[in-house]
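First up is the structure itself, then whatever we jot down about it.
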Amino acid sequence: MNEVTDALAPIEDGQRAENCFLFGPSGAGKTTVARAAVRELRREVLDVPYAYVNCWRDYTRNAVLERLSRDLVGAAVPRSASTSTLLDRVHRDFNGPGVVILDEVDQLRETELLYDLHEFRGLSWIGIANDEVDLLADLDERVRSRVSVGYRVRFDRYGEDTIAEILERRAREGLGPNAASDEVFETIARLADGDARMGITTLRAAARKASSEGLSNIPRRLVEDSISEAEQEIARKTYSKLNDHQRVVVDVLQEEGPLIQRELHERYSERHDDPVSLRYFRDAHLAKLEHYELVETESRAGKKLYSLSEPASIGRVAQP
DNA sequence: ACTCCACGGGAACGTTTGGGCC
DNA sequence: GGCCCAAACGTTCCCGTGGAGT
């Protein structure tokens with residue numbers, strides 16, 4: 001948090017901030033930190049223009065620029081505005097300094113965008129990704145030397161004690177001072193295995209159970225059940241975000257177990273009334289399912305087996 | 001050597017939509 | 001209002017590479 005704040009500090013003097021790059025496993029709080037740092041900055045310097053872009057959803061240069069045009073300079077633009085139009089608009093109307101959060105920046109297909117950002121006077125960015133990727137690798141040599149990443153911040157999974165602390169504070173604020181014992185928080189933290197979201201969801205499930213039993217605090221014995229309920233809840237939520245193609249894939253894997261890519265595509269094609277080609281299937285659907293950690297792959301003997309990840313199958317079974 | 005498979009680059013096509021232009 | 005063009009985007013088709021089994 002301090003490093004990101006440092007990176008943004010020049011904005012308080014009206015200067016362009018340093019670009020920075022946050023990486024680490026999911027559930028480690030990268031997005032939360034980025035947003036909090038920007039929120040803090042906006043408390044110091046009122047109305048610093050900023051934008052949040054999820055590059056998984058908006059992965060083209062055009063889509064990102066459209067978002068910037070809307071959120072950075074408040075100019076609503078028609079959907080199919082050309083890239084050059086958008087570029088011109090932001091150039092004309094944006095008065096730096098300002099900052100944009102590029103979440104899941106490794107999903108960006110057109111990395112020239114980073115150069116576009118550099119060209120906007122006073123604009124800097126915070127990039128977020130799972131792995132430490134070389135964002136600038138694709139850029140032209142001359143361009144690369146000008147676009148710099150001043151800060152690289154590595155995030156690790158939360159430790160058990162940190163999660164226990166988070167849970168304790170949440171419980172105190174949300175449920176009251178004696179909602180559960182330290183032992184309960186510690187147990188949940190251990191079972192959540194470094195994933196804060198899992199821990200919090202479990203706490204919520206446990207509180208729900210306790211309250212439906214008429215209890216005013218959470219007993220230790222409810223924890224195990226709450227973990228699996230939390231897994232289901234998360235898997236269900238993820239499943240509901242999928243489109244019909246991806247749901248068919250999950251259903252197929254649920255019923256027919258591990259399959260190689262080509263077989264998986266064949267089964268899917270049989271069940272979906274408007275299946276896409278194998279080539280597109282790979283990029284648009286399989287990649288997404290892997291990204292959401294709904295499907296796992298295992299390479300063995302030159303083949304690659306696709307199967308449902310454990311929580312996903314639990315959640316799927318629980319589907320109405 | 002041959003075959004099967006995963007992977008990904010890239011050209012091309014079809015549809016949609018806004019922006020002129022008459 | 002009608003017509004046409006350009007741009008973006010989802011999608012398909014084709015192809016080369018490279019790993020691994022037989």
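Note: hydrogens, waters and symmetry copies are ignored here, and every other heavy atom, side chains too, is used. In what follows, chains carry the letters A, B, and so on, assigned in the order in which the sequence lines appear, proteins first and then strands, with residues in each chain numbered from 1.
- Applying the 4.0 Å criterion to OP1 and OP2 of dC7(B), one finds that K304(A) has a side-chain N or O inside that range.
- Between L86(A) atom CG and dT17(B) atom P there is a gap of 17 Å when expressed in whole angstrom units.
- Q261(A) has no side-chain polar atom (N or O) that falls below the 4.0 Å cut-off from OP1 or OP2 of dC5(B).
- The aromatic rings of F120(A) and H91(A) lie perpendicular to each other, with more than 60° between the two planes, well past the 30° mark.
- Rounded to an integer number of Å, the gap from OH of Y306(A) to P of dA6(B) is 7 Å.
- Among the protein residues, F281(A) comes within range of no part of the nucleic acid, since none of its heavy atoms lies under 4.0 Å from any strand.
- Residue R282(A) is in base contact, counting any heavy-atom pair closer than 4.0 Å across all strands shown.
- Contact annotation: Y280(A) does not reach the phosphate of dG9(B) (side-chain N/O to OP1 or OP2, under 4.0 Å).
- Distance Y59(A) OH to dT11(C) C1': 11 Å, rounded to the nearest Å.
- Per the geometry, CD belonging to E266(A) stands 15 Å off C1' belonging to dA6(B), to the nearest Å.
- The CD-P distance, from E298(A) to dA20(C), rounds to 15 Å in whole Å.
- For dC9(C), one of the phosphate oxygens OP1 or OP2 lies less than 4.0 angstrom from a side-chain nitrogen or oxygen of T60(A).
- Checking the phosphate oxygens (OP1, OP2) of dA7(C), no side-chain nitrogen or oxygen of S82(A) falls inside 4.0 Å.
- Without hydrogens or angle criteria, S309(A) side chain to E293(A) main chain gives a donor-acceptor distance under 3.5 Å.
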| query | side-chain contact (heavy atoms from CB on, under 4.5 Å) between L114(A) and L102(A): does it pass, once the steps are laid out? | reply | CA-CA 10 Å; L114(A) 296 176; L102(A) 300 171; 4.0 Å; yes
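- Contact between the side-chain N/O atoms of R262(A) and the OP1/OP2 oxygens of dC5(B) is found at a separation under 4.0 Å.
- With hydrogens and angles ignored, the 3.5 Å screen pairs no side-chain donor or acceptor of R190(A) with any backbone N or O of E160(A).
- A straight line from CZ of R57(A) to P of dA8(C) spans 19 Å, rounded to a whole angstrom.
- The side chain of N62(A) contributes an N or O atom lying less than 4.0 Å from OP1 or OP2 of dC9(C).
- Regarding L278(A), its CG atom lies at a distance of 10 Å from the P atom of dC7(B), rounded to whole Å.
- Aromatic ring orientation, Y268(A) versus H265(A): tilted (interplanar angle from 30° to 60°).
- Distance CD1 (I260(A)) to C1' (dC5(B)): 7 Å, rounded to an integer number of Å.
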